[in-house]
Amino acid sequence: VDMRLVLKYALEALATKVVLCHNHPSGNPRPSKPDLQLTEKLRKALHSVDIYLVDHLIICDHAYFSFADEQIF
């Protein structure tokens, strides 16, 4: 994920809130350590320009993981 592109698109859209989403083809929706690190890094970067990260969803065939539901940030 290129953080600059995420910020660019959010700023161009004049967003005040963002929801991130990606898939795990493995079928395991649990976030990896890099998922957790990237989410926190993106949350801080977005916050620095007054954009709120509402959620980060990881989608699989029959399950999903929501950072917001798990109160990770």
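- Residues N28 and C60 fail the side-chain proximity criterion, which asks for heavy atoms closer than 4.5 Å.
- Between D69 and Y64, the closest side-chain pair of non-hydrogen atoms falls below 4.5 Å.
- Note: L42 CG to L38 CG = 4.5 Å, rounded to the nearest 0.5 Å.
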task = Begin from the C-alpha positions of H22 and H56 and carry the test side-chain contact (heavy atoms from CB on, under 4.5 Å) through to its verdict.
result = CA-CA 8 Å; H22 78 278; H56 181 175; 2.9 Å; yes
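- With hydrogens and angles ignored, the 3.5 Å screen pairs a side-chain donor or acceptor of D55 with a backbone N or O of A68.
- The minimum heavy-atom distance between H24 and R30, with the atom names listed, is CE1-O, 3.3 Å.
- At a threshold of 4.5 Å between side-chain heavy atoms, the hydrophobic network of Ile, Leu, Val, Met, Phe, Trp and Tyr places L5 and V19 in two separate groups.
- Checked against F67 for a side chain to side chain contact (heavy atoms under 4.5 Å, CB included), the options L36, V54, L53 give a single hit: L36.
- Rounding to the nearest 0.5 angstrom, the gap separating the CD1 atom in I58 from the OG1 atom in T39 is 7.0 Å.
- Residues I72 and F65 have side chains in contact (heavy-atom distance under 4.5 Å, counting atoms from C-beta outward).
- Taken together through direct or relayed side-chain contacts under 4.5 Å among Ile, Leu, Val, Met, Phe, Trp and Tyr, V18 and L7 form part of one hydrophobic cluster.
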Show the atom names and distances, to 0.1 Å, of all donor-acceptor pairs under 3.5 Å that link a side chain in residues 8-17 to residues at least two apart or in another chain.
residue, atom, partner, partner atom, Å
K8, NZ, E12, OE2, 3.0

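- With a 6.0 Å radius and a threshold of 12 heavy atoms from other residues, nucleotides or ligands, H47 has its NE2 atom at or below the threshold.
- At least one side-chain heavy atom of L20 sits under 4.5 Å from a side-chain heavy atom of V6.
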